[in-house]
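Following: one structure in structure tokens, then a few remarks.
The sequence lines fix the lettering, A, B, ..., with proteins before strands; numbering per chain opens at 1. Note that these values count all heavy atoms, side chains included, but never hydrogens, waters or copies made by symmetry.
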Amino acid sequence: VVDQIRLWQLETERMAHAPGFLFKEFDSFEEYDGMARYAEEIGVLQWRNDKNGTFFVTKVEQLRDYLKSRKK
Amino acid sequence: MPRVIRGTLITCEPAIKSIIMHINAENNNEIVIEDLDDTHLLIKESKIYDLKRLLDLRLKETLKVEAPLDDSD
């Protein structure tokens with residue numbers, strides 16, 4: 001039972017949280033992949049899911065600029 | 001153009017995630033924005049401290065049932 005308690009305690013501490021932004025519903029996988037790679041390069045990528053084409057970043061400013069520059 | 005949703009990314013064990021989903025259901029689904037995968041959730045930024053408190057409470061309740069003699073903490 002004591003082991004179980006320790007396990008539970010460890011698991012609560014294991015709930016990590018980070019504020020930021022979820023990107024989803026890209027027009028194409030290429031657009032998603034390109035942006036996720038860029039986010040990783042600049043060190044803001046926290047999580048990505050290639051199956052759903054979604055990713056999470058801690059900062060959004062540079063990605064906004066990236067999107068704008070690609071639209072031109 | 002992609003959609004961008006502001007929130008807090010939660011990374012945890014699947015067991016903890018399922019408890020969080022229960023807590024969310026009991027709170028009119030006001031905490032979780034999106035279920036991302038087995039170990040990740042997007043929640044409302046403003047709900048992180050509520051969630052932490054409710055999760056601690058839930059885990060303590062679970063411990064009381066499993067270990068009624070342990071009163072430490």
Side-chain angles (χ1 to χ4, degrees), chain A residues 1-40 43-72, chain B residues 1-24 27 29-73:
Chain A
V1 178
V2 174
D3 283 344
Q4 219 161 15
I5 294 168
R6 287 210 184 105
L7 215 126
W8 277 117
Q9 281 174 342
L10 274 174
E11 277 176 337
T12 20
E13 285 158 16
R14 245 184 259 155
M15 186 185 92
H17 59 100
F21 304 85
L22 184 78
F23 280 68
K24 60 188 281 191
E25 294 170 20
F26 282 88
D27 293 331
S28 68
F29 182 82
E30 288 67 31
E31 191 193 10
Y32 153 76
D33 191 51
M35 216 165 153
R37 279 168 196 265
Y38 178 69
E40 190 165 21
V44 299
L45 186 74
Q46 288 277 308
W47 170 87
R48 65 181 280 177
N49 184 335
D50 290 350
K51 216 163 60 182
N52 301 330
T54 57
F55 64 78
F56 185 88
V57 295
T58 48
K59 285 192 180 116
V60 80
E61 293 78 10
Q62 280 168 282
L63 294 181
R64 283 217 176 102
D65 295 341
Y66 176 87
L67 265 180
K68 272 182 209 156
S69 71
R70 291 210 62 187
K71 268 184 80 187
K72 277 171 198 165
Chain B
M1 286 285 276
R3 272 182 68 202
V4 183
I5 304 166
R6 193 192 184 103
T8 290
L9 180 74
I10 298 289
T11 307
C12 62
E13 300 283 301
I16 296 294
K17 195 198 123 182
S18 83
I19 296 172
I20 295 174
M21 294 308 285
H22 271 284
I23 292 171
N24 183 53
N27 288 273
N29 300 314
E30 280 173 352
I31 299 167
V32 175
I33 301 169
E34 234 176 281
D35 186 345
L36 298 173
D37 65 21
D38 286 352
T39 55
H40 293 90
L41 287 167
L42 186 73
I43 69 156
K44 287 180 191 160
E45 242 178 317
S46 59
K47 297 287 182 187
I48 180 66
Y49 293 106
D50 284 344
L51 174 61
K52 274 188 161 180
R53 185 176 51 81
L54 292 167
L55 183 62
D56 280 348
L57 209 69
R58 179 61 52 90
L59 293 176
K60 271 181 197 149
E61 278 168 17
T62 311
L63 289 182
K64 267 184 206 153
V65 176
E66 285 177 8
L69 293 178
D70 190 281
D71 238 345
S72 61
D73 233 354

A:Trp47 and B:His40 aromatic ring geometry - parallel, tilted or perpendicular at 30°/60° bounds: tilted
Contacting moiety of A:Phe23, where chain B heavy atoms sit under 4.5 Å: both
Choice from B:Ile20, B:Leu9, B:Ile5, B:Val4 maximising heavy atom contacts with chain A below 4.5 Å: B:Leu9
B:Tyr49, OH: over 12 other non-hydrogen atoms inside 6.0 angstrom: no
Sub-4.5 Å side-chain heavy-atom contact between B:Thr11 and A:Met15: no
Sub-4.5 Å side-chain heavy-atom contact between B:Pro2 and A:Glu25: no
Taking every non-hydrogen atom, the tightest pair across A:Lys24 and B:Glu34: NZ-OE1, 2.8 Å
Region of B:Leu41 that comes under 4.5 Å of a non-hydrogen atom in chain A: neither
Side-chain heavy-atom pair B:Lys52, A:His17 within 4.5 angstrom cut-off: yes
B:Ile10, part contacting chain A, at a heavy-atom distance under 4.5 Å: both
Side-chain heavy atoms of B:Leu36 within contact of A:Leu22, under 4.5 Å: yes
